[in-house]
Trainee: 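This is the structure I have questions about; it appears just below.
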Amino acid sequence: MRRIISVLVENEPGALSRIVGLFAQRNYNIETLTVAPTEDETLSRLTVVTDGKPETIEQITKQLNKLIDVVKLVDLTEGSHVERELMLIKVKAHGALRAEIKRTADIFRGQIVDVTSGVYTVQLTGTGEKLDAFIDAVGETSVLEVARSGVTGIARGEKVLSL
Amino acid sequence: MTEGKQVELLSGADMVVRALADEGVEYIYGYPGGALLHVYDAIFRQDKITHVLVRHEQAATHMADGYARSSGKAGVALVTSGPGATNTITGIATAYMDSIPMVVLSGQVPSQFIGTDMFQETDMVGISRPIVKHSFLVKRAEDIPEIIKKAFYIAQTGRPGPVVVDLPKDITDLTKKYPYEYPGKVKIRSYSPPQKGHSGQIRKAVDLLMKARRPIIYAGGGVVMGNGSEELTKLVKQSGAPVTNTLMGLGSYPGTDEQFVGMLGMHGSYAANLAMHHSDLVLAVGVRFDDRVTNSTNKFCPTAKIVHVDIDPASIAKNIPVDVPIVGPVNSVLKEMNDLVAATKASQDQEALGNWWKQVNEWRDGQGSLFPFETAEGVIKPQQVVQALYEATKNDDTYITTDVGQHQMFAAQHYLFDKPNRWITSGGLGTMGFGLPAAMGVKLHNPDAHVACVTGEGSIQMNIQELSTCLQYDLNVKIINLNNQALGMVRQWQTMQYSSRYSHSYMESLPDFKKLVEAYGHVGITVTDVKDLAPAMEEAFSLKDRLVFLDVAVDTNEHVYPMQIKDGSMRDMWLTKTERT
């Protein structure tokens with residue numbers, strides 16, 4: 001079961017290592033992990049995508065809550081939510097390929113953010129599946145380099161994760 | 001700072017020591033070194049706190065641990081950076097696994113050199129991270145009082161545990177002074193341990209308990225550390241249910257009471273394990289369904305509904321699914337349950353309970369005793385030693401510590417604890433070398449009580465250097481060495497599962513323990529004949545002002561029984577070398 005867990009943590013040195021360490025120590029999966037400060041400078045927001053049996057997910061949230069640096073957390077996948085990931089991808093773009101890549105990027109609502117005579121760098125946001133689909137569409141042989149941010153997300157509607 | 005109050009200016013080092021004193025700490029256990037010299041100077045210039053110099057930092061943590069287990073308050077260890085810090089890791093992990101409050105203050109290289117691989121540098125916060133409840137690296141001397149207050153608050157509340165405070169040397173600089181005030185209390189926004197259980201859930205639990213036809217109460221270390229013994233005893237009496245204890249829970253219910261069916265689990269009593277297996281309601285209090293209790297989890301208590309009371313939500317449904325979870329402090333939850341039980345007592349089916357007790361008593365009495373064993377001519381059985389120890393001390397206030405292995409199980413089975421906090425053993429981590437320093441920590445705070453360490457010739461050698469500390473501080477503990485000249489528990493498994501191939505489980509060239517302890521300035525007594533056992537015990541405990549080491553030659557081939565059979569249910573046990581359920 002894939003789960004997206006958003007965690008508000010104290011913006012303290014070492015807080016991230018406690019969380020990452022917990023996952024390693026208890027043999028939980030991390031598929032992606034993103035972390036950045038929030039509008040409240042004392043807090044960081046961390047989003048982790050994990051996968052496991054329902055019992056494991058329950059333990060993950062309980063064990064995270066036990067960490068003193070964790071202020072609050074929510075399992076976004078329990079409700080309706082928006083999830084996004086950012087990808088920067090360098091692809092070969094010469095000859096006939098050049099127009100083809102541009103068209104594909106347009107279809108995926110990507111933007112070409114850097115151009116050389118033989119290479120396009122495309123910026124794309126969406127769900128992980130959409131990013132995977134783009135890579136498939138341009139073809140693996142065209143792909144030179146991929147940098148993905150990992151998933152971040154937020155609940156739909158009026159629910160907010162804050163103090 | 002309050003108006004008119006004299007503001008005291010203290011250096012970081014002096015603040016550390018003062019904060020400990022203001023926290024009410026009497027003794028700290030430690031070992032000095034370069035990164036801590038400022039702090040040791042501050043210790044020298046005051047008289048509120050007594051420092052005990054151990055011979056190895058691991059012992060400092062076990063002393064703090066022994067004190068904590070006997071008092072319920074956090075013990076404090078003080079060690080230098082690098083090897084001083086790494087030597088505490090086993091002790092911290094021991095406390096972590098058994099949820100014992102402890103504060104470990106470690107020295108660190110000066111802040112500006114952190115990360116440069118300086119002499120005696122180690123990343124203490126990093127190394128200890130998986131085995132602490134929390135840790136602090138102090139960045140500013142002004143923060144010391146608040147951090148120390150927080151460390152004790154975190155260590156001692158909720159599910160207790162060890163907390164590390166890492167002190168870079170520049171932070172404790174004696175030449176820089178700051179206003180000092182020790183906070184009366186602290187608030188941590190992300191930490192609020194539960195204060196009370198859910199009333200609806202508690203009602204449900206009482207309802208199940210009073211309607212059960214075959215109830216059993218399974219109580220653990222959480223009852224001891226959560227001050228829940230009195231309420232537990234009341235609940236057992238009011239409900240009329242049989243009660244069993246985990247290894248960590250011994251003493252939380254009087255061991256000599258008729259409703260006590262002995263310890264449960266891997267080496268638990270036949271009666272306790274069968275009663276668990278056949279029960280229709282398990283009321284689990286302050287326990288964690290450890291693998292040494294449950295045996296195979298999918299065969300655990302097949303006909304029982306399970307109520308689980310614990311202060312740590314993560315402990316609930318971790319290993320075993322639970323029907324009624326109650327998150328809260330055990331003493332307050334048990335108190336609420338007692339009030340409800342008193343009101344619903346009339347509805348209990350006394351006939352069903354009577355039949356259940358008939359069955360439980362058959363399991364108990366059919367065996368002769370809870371932990372039967374056979375004596376033999378010409379050898380001392382280890383169980384006889386524990387029984388002799390019990391006879392010699394049962395009328396006095398006595399604390400028993402142990403190391404880990406067969407002797408630990410024999411002590412757990414045959415010493416009957418009527419009070420909590422008297423049984424001090426490393427249950428979760430299973431740390432050999434724990435017993436002697438733990439006993440020292442207990443003795444220091446309870447100089448008038450008997451304190452005995454039951455050990456084996458393997459375990460005792462893991463921290464035997466502390467005999468020297470004992471002499472320095474008059475820590476007159478009694479050491480009962482069940483000397484079977486083998487790593488008994490390893491040997492037992494090798495006998496049972498590895499066709500008696502005794503790979504590295506026997507001890508060649510053992511020291512002459514009598515001479516060894518005499519060299520350390522103590523009294524050694526060797527016992528090789530069973531008839532000398534009781535007199536030797538008497539002598540050991542009559543020498544109140546001396547540490548006595550009783551080296552007892554016991555049967556090498558004795559096994560601990562019952563022993564649960566791997567992959568089975570709780571009722572699947574070896575009862576003797578040839579008999580199984």
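Convention: sequence-line order gives letters A, B, ...; per-chain numbering from 1. These numbers were taken from a predicted model, which means no experiment stands behind them.
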Trainee: Quick check against the 3.5 Å criterion: does A:Lys62 have a side-chain atom that pairs as donor or acceptor with the backbone of B:Ser315?
Mentor: no
Trainee: Determine, for B:Lys318 against A:Glu55, whether the closest basic-nitrogen to carboxylate-oxygen distance falls under 4.0 angstrom.
Mentor: no
Trainee: Which atoms of A:Leu22 come close to chain B, meaning under 4.5 Å heavy atom to heavy atom: side chain ones, backbone ones, both, or neither?
Mentor: backbone
Trainee: Decide yes or no for A:Lys66 and B:Lys133: does some side-chain heavy atom of the first lie under 4.5 Å from some side-chain heavy atom of the second?
Mentor: no
Trainee: Counting neighbours of NZ on A:Lys102 that are heavy atoms of other residues, nucleotides or ligands and sit closer than 6.0 Å, is the number greater than 12?
Mentor: no
Trainee: Got a second to check how far A:Gln59's CD is from B:Asn319's CG, nearest 0.5 Å?
Mentor: 8.0 Å
Trainee: Give the minimum heavy-atom separation between A:Gln25 and B:Arg129, together with the two atoms involved.
Mentor: OE1-NH1, 3.5 Å
Trainee: Considering only heavy atoms and a distance below 4.5 Å, find which of B:Pro193, B:Gly126, B:Pro321, B:Ser135 pairs most often with chain A.
Mentor: B:Ser135
Trainee: Chain B heavy atoms under 4.5 Å from A:Glu12: which part of the residue, side chain, backbone, both or neither?
Mentor: neither
Trainee: More than 12 foreign heavy atoms under 6.0 Å from CG of A:Asn27: is that the case here?
Mentor: no
Trainee: Contact between B:His134 and A:Asp69 at the side-chain level, heavy atoms closer than 4.5 Å - yes or no?
Mentor: yes
Trainee: For B:Ser190 and A:Glu10, which heavy atoms make the closest approach, and how far apart are they?
Mentor: OG-OE2, 4.0 Å
Trainee: Measuring from atom CD1 of A:Ile68 to atom CD1 of B:Ile154, what distance do you get when rounded to the nearest 0.5 angstrom?
Mentor: 4.5 Å
Trainee: At what distance, to the nearest 0.5 angstrom, does CG of A:Asn65 lie from OH of B:Tyr191?
Mentor: 13.0 Å
Trainee: CZ of B:Arg292: more than 12 outside heavy atoms within 6.0 angstrom?
Mentor: no
Trainee: Looking at every non-hydrogen atom in both residues, tell me the closest pair between B:Ala314 and A:Gln63 and how far apart they are.
Mentor: CB-NE2, 3.6 Å
Trainee: So for atom CD, which belongs to B:Gln112, do other residues, nucleotides or ligands contribute more than 12 heavy atoms lying within a distance under 6.0 Å?
Mentor: yes
Trainee: Does A:Ile154 CD1 have over 12 foreign heavy atoms under 6.0 Å away?
Mentor: no
Trainee: With side chains defined as the heavy atoms from C-beta onward, is the minimum distance between A:Thr42 and B:Arg189 less than 4.5 Å?
Mentor: yes
